[in-house]
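Shown next, in structure tokens, is the structure this report addresses.
Because the structure is a prediction, the values reported are computed rather than measured. Computation of the quantities below employed the complete heavy-atom set of this structure, encompassing side-chain atoms and omitting hydrogens, waters and symmetry-equivalent molecules.
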Amino acid sequence: MLDDKVISVFKTISNNEKRFVNWAYEERNGKTTKVPKCPITRGNASSTDQKTWVSLDTAIDFSDRYDGIGIVLGRRGDGCIIVLIDIDNCIKEDGTESTIVSTADEIFGEKAYIEVSPSGKGIHVIAILKELPPPETPHKLPIGESAVVECYWVYRYSTISGNFRRIGSMEPADEEFAEFIFHARLKNVVAVAFSLFGEKFKQLYNGEEEGYPSASEGDLAFLSMLARVTQDENFVRGVIKNSMRNRDKWWERDEYYFRRTWSKVLDGLAKHDSAPRESKSVKKDRLVALYKILCEREENGEIELWRDQTNTVYITTETGESVPLRSERGKGYLIRLYYELFEEVLGAVSLGNLIGLLVSRAMERPTQFAFLRVGKYEGEIFYDLANDAREVVRITPSGWEITTDCPIKFLRTSVTKPQVIPRRGGADWDEFFELYEVESEVSQTLCRAFILQATKHAGPFAHMIITGPQGCGKSELVKGIKRVMDPTLTELQLLPDGDYRREFMRISKLERVLAFDNVSRISNTLSDTLCTMSTGVTTTVRQLYTTLDSEASVMEAPVIVNGITADPMRGDLLERAILYDKEILQRKLTTEELYEDFEAILPGVMAAVFDDTVRALKNYTNIELKYELPRMADFCCWAVAATGDEDIPLYIKEELALANDSALEATFFGQILVEFLDDFKYDETYDIPVKQLYEILWSLAKNARESRASPRQLSEFPPSPWHMARAITRVAPMLASRGWLVKRGRVARERRYRFVKI
């Protein structure tokens, strides 16, 4: 239970606002972590969702159910900011305190709240600021060999132990904050210098002269080492004043001794390098120091270097986010860290060298799988909610739950948006289909089956092609489906120009589900690309200007396409797609009204998705189908197991038959071939040589020209028997849906076609 003084000060800190949570210990990746909890919903809380925050009194009332109470940092209603300075490993087991503790007491003692952390090994300083800290304020700074200072002010909550050291007035402390950060940076310079020069630097820092003729020689060597870390005189002065080398001699006669010694150091650098302020040797030393620090952080479990199944190297930062090391975000992380350490910008050549070292280190690690939004591990499915609390939905045959304990790696790209927290007992599928006016039972079932691919960890995937007249709500329906399956910043995209494969490879690295708007024509190239996206294919492109090194990418994802018409389409794509012809809207809603209604039902719809996934995991291996499976057998089995509707294979076959008829009759050659076969009345096999078949079809085409065909249609007719053979092969699946099986063979060196009535 918190002391009355602590309760009073935290009501002042929060300005009596609802910004408190409870927290509980949970195991995550083999480590114990403090997970924020909302006592009202009894689920996880989020530092970005005010609905999960409660008042301090409510958090205290429910504290017996959890391990502690926390406060959410950030801007209050009056504009002031709640800031946490977390100093870890500054109190040893015997009670000995690091000098950073006394510094924090001295600087913040009068205005801030200072307490010992729940672990008993660190302290928390909670202060109030009028403005946010400067952008260059570091997020994490190593202090000496063990203590670590972390500065937080947004998207974070702080635990409250109640074991306070001092309680200040809680007045704004902007200047004091800056002073403390400067002191922390001084300690950081010492830590970097120690990582570069080891015991030699430690000896000089402690005032020892062993190995040097005099104290002046030791001073010169000490400053020479510091110059390899920073040439900022303010930091150098600060390090001297905090070391055992600090003497009055440095600062007498207007700092004569300091300025003379420092000038010698810079002159010494100038003799060996053309640019003393930014010499090559200094750059090299800094780069080595940064690499060592990153290696130490990896060994301590603060960051992680790893590679995926395509040998793409990733870095998991202190926040738990995994980003490709060679991406702009990965490079930005290294550049920012370098600036925090040395207050210099990391050059392109040095950055490339550092990435090369880290890549070679990561290649020694075992391969891990990287997942977008959905992944599977040991028979369990994980759906990434992509929120700041790093919560996932864990789905098993016995049920689903929201947790932060995730054994697999999820990637969050530049377009990934968080999914809402699912809510049991909310809206269901009927409300979703009613909102978007999907009326027929068959269309609802197939649309539901397509959406349930959101939790199917691997393909083959079915695509969805939505057609209909203008103004029927196709685009809004696609947006709704996309927001359920994979919410991203780029909900709808225009079909890319140029090389579809390269563009689809790029987009599939960013999004789990691809959605394209206003596609008026599906070309042969686009059809081939969509087919490969359904069943999955690995593509490679060369890296930079080399031919021996390449970058691999797995293209496998469900795609949604909408347009006024999608005819004609090739049979191989039709067999991999769900076709839906949208009806005219009966009621008109503004976009804002539609979005508000959708946001209201989305938590319930997501719960329905996860309920269906639980059913799919439970029934997938034991389902019994009463109809023959279509080509997309995996998709069909998953849909039947999830929905319990055994008629889904029949629905798909019926829709495919209608689509095949439309696609077959949408081309002039298809019309002629159908006319030829319909005129054949015999209920038996029809065997005919290829040349004779071509002459008959060409004759029918010329007769059709005189009655109904245009010159353009006739020009599209196959110009030779060889071209006709390719066209028949392409429409063979469509002919099968009309009851004709096509076979090709040879009799006495003569090529022949055989049409068998099914």
Side-chain angles (χ1 to χ4, degrees), residues 18 21 38-54 373-374 383-389 391-393 395 400-402 415-441 443-445 447-455 464 466 471-492 512-513 515 517 560 562 580 582-614 642-643:
K18 290 184 177 181
V21 296
C38 176
I40 303 301
T41 63
R42 299 194 179 185
N44 289 349
S46 172
S47 58
T48 60
D49 188 358
Q50 296 185 14
K51 296 177 183 178
T52 62
W53 306 348
V54 297
R373 192 66 75 173
V374 179
Y383 181 94
D384 185 18
L385 295 177
N387 54 29
D388 292 321
E391 294 174 317
V392 299
V393 178
I395 311 171
W400 60 270
E401 64 175 351
I402 300 173
V415 300
T416 302
K417 286 178 63 177
Q419 183 60 276
V420 300
I421 301 297
R423 184 178 65 248
R424 291 182 172 91
D428 56 16
W429 289 109
D430 291 338
E431 294 184 57
F432 176 83
F433 295 129
E434 181 182 355
L435 179 63
Y436 289 102
E437 296 190 20
V438 181
E439 296 180 352
S440 72
E441 182 180 349
S443 298
Q444 291 180 4
T445 302
C447 184
R448 178 182 175 186
F450 176 80
I451 293 175
L452 288 174
Q453 292 181 117
T455 53
M464 190 168 192
I466 302 177
C472 67
K474 300 184 298 297
S475 298
E476 293 303 327
L477 175 59
V478 173
K479 289 181 182 179
I481 295 174
K482 183 77 162 64
R483 289 168 185 166
V484 172
M485 300 181 74
D486 178 35
T488 58
L489 295 175
T490 53
E491 291 181 335
L492 284 179
R512 167 75 174 176
V513 179
D517 194 28
I560 318 172
N562 91 73
Y580 172 46
K582 186 86 168 62
E583 303 89 353
I584 296 292
L585 292 175
Q586 300 300 315
R587 63 190 182 105
K588 300 292 183 180
L589 293 176
T590 64
T591 303
E592 183 177 355
E593 290 173 336
L594 181 65
Y595 184 74
E596 289 178 356
D597 291 346
F598 175 78
E599 287 294 302
I601 68 171
L602 183 56
V605 172
M606 292 308 303
V609 169
F610 298 135
D611 288 339
D612 285 349
T613 306
V614 171
T643 63

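What you find for Gln419 and Arg483 is that their closest heavy atoms are NE2-O, 3.0 Å. Taking every heavy atom of both residues into account, Val374 and Ala454 meet most closely at CG2-O, 2.6 Å. For the residue pair Val513 and Asp486, the shortest heavy atom distance occurs at N-OD2, 3.3 Å. A pairwise comparison of heavy atoms in Lys417 and Ala386 identifies O-CB, 3.9 Å as the closest pair. The minimum heavy-atom distance linking Tyr580 with Met464 is given by the pair CB-CE, 4.2 Å. Across all their heavy atoms, Lys582 and Cys472 have their closest contact at NZ-O, 3.2 Å.
No side-chain heavy atom of Ile421 sits less than 4.5 Å from a side-chain heavy atom of Asn44. In this structure, Trp400 and Thr613 have side chains that are not in contact, with every pair of non-hydrogen atoms separated by 4.5 Å or more. At least one side-chain heavy atom of Phe598 sits less than 4.5 Å from a side-chain heavy atom of Val484. Residues Cys447 and Tyr436 fail the side-chain proximity criterion, which asks for heavy atoms closer than 4.5 Å. Counting heavy atoms from C-beta outward, Val478 and Asp517 have side chains that stay 4.5 Å or more apart. You'll find the side chain of Ser47 stays beyond 4.5 Å of the side chain of Val21, heavy atoms only. The shortest side-chain heavy-atom distance between Ser475 and Glu491 does not fall under the 4.5 Å cut-off. Contact annotation: the side chain of Met485 approaches that of Gln453 to within less than 4.5 Å [non-hydrogen atoms, C-beta and beyond].
Applying the 6.0 Å contact sphere to CZ of Arg424 captures more than 12 heavy atoms from other residues, nucleotides or ligands. The number of heavy atoms from other shown groups lying within 6.0 Å of CD (Glu439) is above 12. More than 12 heavy atoms of other residues, nucleotides or ligands lie within 6.0 Å of CD in Glu599, so this atom counts as buried by the packing criterion.
Rounding to the nearest 0.5 Å places CH2 of Trp53 at 8.0 Å from OG of Ser46. To the nearest 0.5 angstrom, Glu391 atom CD is 6.5 Å from Leu385 atom CG. Going from atom NZ of Lys479 over to atom NZ of Lys482 covers 12.0 Å, rounded to the nearest 0.5 Å. From Ile481, atom CD1 reaches atom CD1 of Ile560 across 5.0 Å, with rounding to the nearest 0.5 Å. Annotation: the span from Arg373 atom CZ to Thr488 atom OG1 amounts to 8.0 Å, rounded to 0.5 Å. Taking CG of Leu492 as the reference point, atom CD of Glu476 lies at 8.0 Å (rounded to 0.5 Å).
Under the rule for a ring pair (Phe, Tyr, Trp, His ring centres under 6.0 Å), the partners of Tyr383 that lie at least two apart in sequence or sit in another chain are Phe610.
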Quick one: side chains of residues 428-435, donor-acceptor pairs under 3.5 Å with protein atoms, not counting sequence neighbours, listed by atom name and distance.
from, atom 1, to, atom 2, distance (Å)
Asp428, OD1, Asp430, N, 3.2
Asp428, OD1, Glu431, N, 3.3
Trp429, NE1, Asp612, OD2, 2.9

